[in-house]
Colleague: 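Attaching a single structure in structure tokens format; questions to follow.
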Protein chains: 2
Amino acid sequence: MAEKRTKVKKPTMVDVAAKAGVTIGTVSHVINKTAPISDETTERVLAAIKELGYKPNSIARALRTKKSYVIGFLLPDVTNDFYSPVLSSFIDSAYQDGYTVLVVSYQYSSKREEIEMERLADKNVDGILLFNGCDDLALLQRMRAEGMPIVIADRRVDELDLPTVEFDNVATVSKVIGMMCKKGYKRIGFLSESTRLRNLNDRYEGYKKGLMENGLSVNPELVYISEDMEMNNLEKGYSYIKRILENTDKENLPDSIFATTDLLAIGAVRAFKEAGFRIPEEIGVVGFDNISFTDFIEPKLTTVEQDKTLMGRIAWDIMKSTLAGENKKTQHVILPQKIIVRESC
Amino acid sequence: MAEKRTKVKKPTMVDVAAKAGVTIGTVSHVINKTAPISDETTERVLAAIKELGYKPNSIARALRTKKSYVIGFLLPDVTNDFYSPVLSSFIDSAYQDGYTVLVVSYQYSSKREEIEMERLADKNVDGILLFNGCDDLALLQRMRAEGMPIVIADRRVDELDLPTVEFDNVATVSKVIGMMCKKGYKRIGFLSESTRLRNLNDRYEGYKKGLMENGLSVNPELVYISEDMEMNNLEKGYSYIKRILENTDKENLPDSIFATTDLLAIGAVRAFKEAGFRIPEEIGVVGFDNISFTDFIEPKLTTVEQDKTLMGRIAWDIMKSTLAGENKKTQHVILPQKIIVRESC
DNA sequence: TTGAAAGCGCTAACAT
DNA sequence: ATGTTAGCGCTTTCAA
């Protein structure tokens with residue numbers, strides 16, 4: 001009567017054991033099916049559990065077993081259209097297997113990324129999914145040495161032989177360039193933000209490879225890489241192309257553009273249209289990502305689709321097998337991308 | 001030499017104590033500054049910690065103290081443009097205070113939401129942030145009774161007096177409608193997906209309120225609410241308006257549209273433009289959310305901005321004070337929104 | 001200022 | 001088939 005607002009304390013195994021007239025060992029065994037218990041007592045224990053509303057304490061269990069069923073997911077930015085679907089699908093997949101995920105974003109700061117890696121390890125997660133990042137090989141190496149399972153998404157780490165999932169950017173982009181060549185474009189431009197990020201750099205490699213394979217050489221005049229990393233590329237693609245249009249003689253202009261993101265491509269399309277160019281007749285444009293707007297602009301954007309849901313699922317699969325210690329060989333999964341041909345090229 | 005691939009086991013307090021020549025109690029005290037320890041031993045302990053690379057085991061600590069420094073964040077969808085910035089900012093804020101967040105998405109399924117709530121509780125999180133959901137008042141009530149701190153974002157729960165943060169949708173939308181009236185629009189339409197979600201319904205309330213306050217009445221002919229919840233509203237707004245345009249006599253058409261999302265609004269703009277309407281002269285359009293495309297379409301979209309970062313931060317502040325038990329009164333924070341007037345209305 | 005020791009809630013090895 | 005018991009690594013009284 002007086003204990004109204006005292007924080008209700010939850011029943012423990014001891015309570016269950018008492019109520020069922022057995023010992024906690026037996027209770028544990030019926031819960032975990034870790035020893036043969038007679039139907040009769042099993043039933044009594046189950047009844048007691050139900051009656052008391054008993055739930056095993058996951059912390060105590062984790063302390064004992066050294067497994068928390070929590071995975072850390074470290075990514076540059078939760079808000080990003082590319083990362084968040086992967087995260088979402090990873091969470092869902094992990095959920096199916098009874099795991100839950102601690103999400104941490106490092107806002108593109110390697111400093112912070114490093115700190116967060118440590119924090120995750122200190123939180124005793126069972127494994128860490130590292131999404132596109134970590135220049136700090138030493139840290140990765142140390143964590144691995146300490147036995148922390150790590151899997152990397154959207155980035156190769158050639159130096160360290162960690163399990164990875166990534167898209168096949170080089171191959172896909174070179175295929176895109178091949179397609180553009182087949183359509184008759186000869187002066188294919190490359191529009192991108194800084195290629196410091198591995199996957200963007202891979203797209204650049206694919207661009208060069210594609211040109212080579214089609215007997216074209218890389219013309220530095222046609223490589224438009226802007227070093228600043230800020231987003232809202234929509235505006236940036238627009239103003240960038242506009243500037244080029246103003247400062248370049250007609251004969252030195254590209255006859256087509258491969259942009260590393262749809263936002264950039266959409267901005268470019270607008271700039272070209274404003275300047276009176278007809279797309280795709282006079283200028284071909286290809287984007288990357290297949291965001292919903294690509295199907296909506298005029299002309300509809302030719303682009304590349306990446307199955308982010310698949311990446312999240314595969315990332316989890318790899319994590320799971322890594323946790324299970326089935327490491328015959330380190331897994332490296334390379335996911336294909338899909339070229340979506342619409343109207344702009 | 002033979003112990004090469006054995007999982008390295010981490011040093012514990014016992015190791016530190018041994019190395020420093022003290023007992024574990026003392027080690028604990030220097031770590032937590034929970035008793036006055038002489039400078040000399042403090043130093044010895046610190047040295048031992050450093051030398052061994054000792055890190056406190058958070059699980060053991062959590063078991064002892066009943067605090068995990070983990071918060072559960074339950075949201076409908078990680079991928080959503082509205083939710084994810086709030087999540088991101090919440091994670092960041094929590095991070096500042098040494099908390100880390102377990103993210104769980106329930107994919108708009110109340111069934112799954114319920115399951116996930118329980119799972120979070122079973123994971124011994126210190127609190128749960130529930131983002132827009134939970135029709136199951138009984139569950140909320142039970143969790144609260146069990147002492148689990150819960151704060152709700154983007155949704156009122158009038159029935160239960162839980163701490164909440166939400167935007168002031170009713171007030172903002174009625175203000176928008178007022179503005180539209182002032183500009184001379186008389187037949188203002190309301191375009192929305194299902195108003196089953198609380199905040200969309202609030203916008204509908206705001207719409208009605210705004211009309212009333214300006215001497216207009218609600219004309220059901222002008223209320224365009226589509227029950228299906230699927231995304232890619234871009235296409236939906238477009239096709240919806242197109243259909244209306246085809247099936248409605250000129251004199252029964254709206255002279256302006258308030259859309260509950262920018263995607264819807266942008267789709268609508270396109271449909272109107274295609275049909276030869278001039279915006280804003282013949283049709284005014286207002287969106288909601290201020291996504292980056294709004295500044296980029298023709299004409300630039302008038303819309304409403306919501307400070308999602310602020311919402312995330314406030315949500316954390318409320319959570320923090322709830323955890324601290326500073327509950328003089330249950331907090332209800334209502335965040336303002338900002339009307340961004342551009343060209344479309 | 002420090003040591004000793006109990007115990008958080010559970011699992012698992014060992015006995016019976 | 002079930003009971004006993006020793007910890008997992010830590011915090012926190014209580015003594016010294």
Side-chain angles (χ1 to χ4, degrees), chain A residues 7-49 52-70 121-126 146-147, chain B residues 7-46 48-49 52-70 98 121-126 146-147:
Chain A
K7 205 157 179 171
V8 198
K9 85 161 174 359
K10 304 212 194 87
T12 75
M13 262 188 180
V14 176
D15 301 317
V16 174
K19 168 146 285 183
V22 294
T23 60
I24 60 167
T26 305
V27 175
S28 177
H29 282 135
V30 345
I31 289 176
N32 302 308
K33 303 190 199 329
T34 173
I37 303 289
S38 74
D39 291 358
E40 196 245 325
T41 42
T42 297
E43 214 158 298
R44 259 188 9 257
V45 169
L46 259 22
I49 286 177
L52 293 170
Y54 167 78
K55 300 278 191 60
N57 178 323
S58 64
I59 302 274
R61 182 178 277 174
L63 179 59
R64 222 8 259 254
T65 61
K66 269 105 185 62
K67 291 193 82 311
S68 64
Y69 290 91
V70 174
D122 294 349
K123 281 278 178 176
N124 298 278
V125 294
D126 291 343
E146 282 171 7
Chain B
K7 205 155 178 171
V8 196
K9 85 172 192 329
K10 304 210 195 88
T12 74
M13 261 188 180
V14 176
D15 302 317
V16 175
K19 169 146 281 181
V22 294
T23 58
I24 60 167
T26 305
V27 175
S28 176
H29 282 136
V30 342
I31 288 175
N32 302 308
K33 303 189 198 335
T34 173
I37 304 290
S38 75
D39 291 359
E40 195 245 325
T41 42
T42 297
E43 214 158 297
R44 259 190 5 261
V45 169
L46 259 21
I49 285 176
L52 293 170
Y54 168 79
K55 300 275 192 59
N57 177 320
S58 63
I59 301 275
R61 183 177 276 175
L63 178 59
R64 227 4 262 252
T65 62
K66 267 107 189 57
K67 290 193 83 308
S68 63
Y69 290 92
V70 173
D122 294 349
K123 281 277 178 178
N124 297 278
V125 295
D126 291 343
E146 282 170 8

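Because the structure is predicted, anything quoted here is derived from the model rather than measured.
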Colleague: Round to a whole Å and report the spacing from CG of Asn57(A) to P of dC8(D).
Modeller: 18 Å
Colleague: Does dT11(C) have OP1 or OP2 under 4.0 Å away from a side-chain N or O of Asn32(A)?
Modeller: yes
Colleague: Measure the distance from NZ on Lys55(B) to P on dC10(D) and round it to the nearest whole Å.
Modeller: 12 Å
Colleague: Looking at Lys67(B), I'd like to know whether one of its side-chain N or O atoms comes within less than 4.0 Å of OP1 or OP2 on dT11(D).
Modeller: no
Colleague: Touch check for Val22(B), heavy atoms < 4.0 angstrom, all strands: base, sugar-phosphate only, or nothing?
Modeller: sugar-phosphate
Colleague: Looking at dT2(D), I'd like to know if its phosphate oxygens (OP1 or OP2) sit under 4.0 Å from a side-chain N or O belonging to Thr41(A).
Modeller: yes
Colleague: Would you check if the side chain of Lys123(A) reaches a backbone N or O of Tyr69(B) as a donor-acceptor pair within less than 3.5 Å?
Modeller: yes
Colleague: What is the separation between atom CG on Leu63(B) and atom P on dC10(C), rounded to the nearest whole Å?
Modeller: 9 Å
Colleague: What integer distance in Å separates Ile37(B):CD1 from dT2(C):C1'?
Modeller: 6 Å
Colleague: Using modelled atom types only, decide if a donor and an acceptor are shared between the side chain of Asp15(B) and the backbone of Met13(B) within a distance under 3.5 Å.
Modeller: no
Colleague: Is the shortest side-chain N/O distance from Ser28(A) to OP1 or OP2 of dT11(C) below 4.0 Å?
Modeller: yes
Colleague: Rounded to whole angstrom units, what separation is found between the NZ atom of Lys33(A) and the P atom of dT2(D)?
Modeller: 15 Å
Colleague: Rounded to whole angstroms, how far apart are NE2 on His29(A) and C1' on dA12(C)?
Modeller: 6 Å
Colleague: For Ala60(B) and for Gly25(B), locate the closest nucleotide of DNA chain D by heavy-atom distance; then report the residue assigned to the nucleotide nearer the 5' terminus.
Modeller: Ala60(B)
Colleague: Nearest whole Å is fine: how far is dC8(C) P from Ile59(B) CD1?
Modeller: 18 Å
Colleague: List in chain and number order the residues that pass side-chain hydrogen bond (donor to acceptor under 3.5 Å, both in side chains) with Ser68(B), two or more places apart in sequence or in another chain; answer none if no residue qualifies.
Modeller: Asp126(B)
Colleague: Within less than 4.0 Å of OP1 or OP2 of dG9(C), is there a side-chain N or O belonging to Thr12(A)?
Modeller: no
Colleague: Looking at Thr26(B), does any N or O in its side chain come under 4.0 Å of the phosphate oxygens OP1/OP2 on dG3(C)?
Modeller: yes
Colleague: Looking only at the side chains, is there a donor atom on one of Asn124(A) and Ser58(B) sitting less than 3.5 Å from an acceptor on the other?
Modeller: yes
Colleague: Hey, which sits more toward the 5' end of DNA chain C by its nearest nucleotide, Pro36(B) or Thr65(B)?
Modeller: Pro36(B)
Colleague: Taking the side chain of Thr23(B) as its heavy atoms from C-beta onward, which of dC10(C), dT4(D), dG3(C) lies nearest to it?
Modeller: dG3(C)
Colleague: Using a heavy-atom cut-off of under 4.0 Å over every strand shown, decide if Ile24(A) touches base, sugar-phosphate, or nothing.
Modeller: base
Colleague: With a 3.5 Å distance limit and no angle check, can you tell me whether Thr26(B) reaches the backbone of Val22(B) through a side-chain donor-acceptor pair?
Modeller: no
Colleague: Whole Å only: how far is the CZ atom of Arg64(A) from the P atom of dA13(C)?
Modeller: 8 Å
